[in-house]
Amino acid sequence: MPIFSLLILQTLTNRKYQNLVNRNIARYLFKVHLPVYAIRALLLGDNMKTPWGELRDLDLANHATAAEILSADKHTLLEGLVVESLFDQIVANVPSVSGEKITALDVESVVVDTQRSQERWIAFVWVRNKSAGLARYLARLSTIFTTFLVNYEDGEFFAVRMNGAVRVGEPQLLSELMTELSGKPYSPFKVNTSVRDSLRQQQAIWGFLFTQYRDRVGERVVLPRLFINCAIQPYFQSVWNLDRVFVIDKEVWIFEIKHKFPMSSWRGLSFGINDGELQVLSKLADAGIKCLHTILVKPYWTKNATSMYLLTDLEIRDRAAVIATVLDRNTLDEIGITSSSTAGRHTSVNGESSVKFKSIDLGKFSKLGQFSDPAREIASNMSALMDGGSRTIASADWLKSLRAEL
């Protein structure tokens, strides 16, 4: 009998645990051959909770269940998922136009500011599929963040501390680890109904996400939201997720995509960036990780406009500008010394608290094109910007010429 089976048998036959198991469970565990740490944790640990029941009991492939879970998020967040998916189709062209070795990491990364004096910054990296460049990413993160590698097995998230790209100790249930790290029990994360417009939610969910991801919507859309909202956010207030991670030759990049319209003042046009997000990007820069901050500029300069025009209105879609800036150490420092303003509650993660933000002048952004341009053309301009080549500054006249009225 394999050694792991002997250990399982020892666990199952120990008098202390007999009330938790029966012969049917024992037979199942022998068949599936889960790692011993996973079996012990699943039998004896605190399984991950969600407002819809324990994670392992949820049928994420069921569209009704998926829609209910996604509807707990802000409508603007769901619309952002639509934009991210469309942006991915542009980014997919970057390797062929750049001639560089580019690896997109299949990970979900979440950063937490614990506000503690010791191990203040924590990074959780859920690795769906391992690929070249992952070790480099984890090593960079570990220079600044207390880093945990996360994996998903049999309906549960497990985490193990990392020292660079090396595991330290045994994995444990993420739900148990979060209680240890935060020092408090699970408290459901809730989003105010004022920022959950039902019509806009359903348009994003049923009008795009379910069609785009089909039978993978549970894995690629719903589970990442549960990872953030139910596994991490209930334990800490200051939580951010990183959009996309790429390893380009020996460099690590974060690709961000935002969908917003510019602010106007006596200084000209600008775009806001939350103080917290700026702080996270600053920490990433300290770790040697750069950020390509891309904005798909809304033709409608109002928060009342949805993202669905990208799919339904060709004329308005043609007016969506694509601009970007590289947020490296020097640029972040320049932005960081400017004064902060206060945004409305609707901009916060839960729609209940005001948010401090700084402004990035339009002059810091480069023109990549318009959303109707060929994807390879936009990708080529994106690659040139990252390489530090000559750039075309995004002008106010250009954005104003593309503006549309509802």
Side-chain angles (χ1 to χ4, degrees), residues 63 66-67 70-71 73-93 191 194-214 217 220-221 225 243-244 255-264 269-273 292-325 343-344 346-347 351 360 362 365-379 381-382 394-406:
H63 278 190
L70 292 175
S71 295
D73 262 315
K74 295 173 62 174
H75 58 260
T76 52
L77 186 145
L78 299 178
E79 291 169 350
L81 296 179
V82 174
V83 174
E84 286 180 15
S85 178
L86 296 172
F87 180 67
D88 285 342
Q89 298 174 41
I90 296 174
V91 172
N93 290 271
V191 176
S194 64
V195 291
R196 291 163 48 202
D197 184 295
S198 178
L199 177 59
R200 291 175 64 169
Q201 288 177 326
Q202 300 312 309
Q203 286 176 337
I205 295 169
W206 294 95
F208 180 83
L209 295 175
F210 283 172
T211 302
Q212 177 72 7
Y213 292 96
R214 299 181 182 274
V217 70
R220 306 304 299 192
V221 182
R225 296 313 308 160
D243 289 351
R244 301 289 186 270
F255 282 19
E256 285 193 325
I257 177 64
K258 305 295 183 182
H259 186 218
K260 57 176 68 176
F261 59 91
M263 302 177 293
S264 182
L269 300 183
S270 63
F271 291 88
I273 182 169
L292 181 68
H293 186 75
T294 307
I295 295 177
L296 180 63
V297 183
K298 287 184 176 183
Y300 298 119
W301 291 12
T302 170
K303 67 178 182 180
N304 297 322
T306 78
S307 64
M308 300 311 291
Y309 71 88
L310 294 168
L311 307 175
T312 60
D313 194 326
L314 295 179
E315 181 181 352
I316 298 301
R317 185 175 68 180
D318 289 347
R319 291 174 172 268
V322 185
I323 62 176
T325 185
H346 68 277
T347 62
I360 307 177
L362 179 60
F365 287 89
S366 295
K367 175 182 178 180
L368 299 185
Q370 290 167 227
F371 194 68
S372 57
D373 293 341
R376 285 180 59 85
E377 184 177 317
I378 298 175
N381 292 334
M382 188 181 299
S395 70
D397 288 343
W398 176 54
L399 290 190
K400 289 176 181 178
S401 71
L402 296 175
R403 184 177 181 178
E405 299 293 339
L406 277 176

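Every value quoted in this text rests on a predicted model; they were computed, and no experiment measured them.
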Looking at [atom1] of [X] and [atom2] of [Y], how far apart are the two atoms once the value is rounded to the nearest 0.5 Å?
X      : Y      : atom1 : atom2 : result
Gln212 : Leu86  : CD    : CG    : 7.0 Å
Asp373 : Asp318 : CG    : CG    : 9.0 Å
Lys367 : Ile323 : NZ    : CD1   : 11.5 Å
Thr306 : Leu78  : OG1   : CG    : 12.0 Å
Leu292 : Met382 : CG    : CE    : 6.0 Å
Ile205 : Glu79  : CD1   : CD    : 10.5 Å

Sidechain-backbone polar pair: [X] side chain, [Y] backbone, donor-acceptor under 3.5 Å:
X      : Y      : result
Arg200 : Ala305 : yes
His259 : Val297 : no
Arg317 : Phe371 : no
Lys258 : Ile273 : no
Asn381 : Ile378 : no
Asp243 : Ile257 : yes

For residues [X] and [Y], determine if any side-chain heavy atom of one lies less than 4.5 Å from a side-chain heavy atom of the other.
X      : Y      : answer
Ile295 : Lys260 : yes
Ile316 : Tyr300 : yes
Val195 : Thr76  : no
Val322 : Phe87  : no
Leu269 : Ser264 : yes
Leu310 : Leu296 : yes

For [X] against [Y], the heavy-atom pair lying closest together:
X      : Y      : answer
Leu362 : Ala394 : CG-O, 3.4 Å
Phe261 : Trp301 : CG-CA, 3.5 Å
Ala320 : Pro299 : N-CG, 3.8 Å
Ala67  : Phe210 : N-CZ, 3.8 Å
Gly351 : Ser194 : O-OG, 4.2 Å
Leu311 : Gly207 : CD1-O, 4.4 Å

Those residues that, when tested against Glu84, pass side chain to side chain donor-acceptor pair (under 3.5 Å) (two or more places apart):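 If we apply the side chain to side chain donor-acceptor pair (under 3.5 Å) test to Glu84, skipping adjacent residues, the hits are Arg244.
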
Using 30° and 60° as the class boundaries, would you call the ring planes of His63 and Trp206 parallel, tilted or perpendicular?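 Perpendicular: the ring planes of His63 and Trp206 meet at over 60°.
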
Hey, are Gln202 and Ser71 close enough side-chain-wise for a donor-acceptor pair under 3.5 Å? yes

Determine all donor-acceptor pairs shorter than 3.5 Å in which one atom belongs to a side chain in residues 398-406; sequence neighbours excluded.
residue	atom	partner	partner atom	Å
Ser401	OG	Trp398	O	2.6

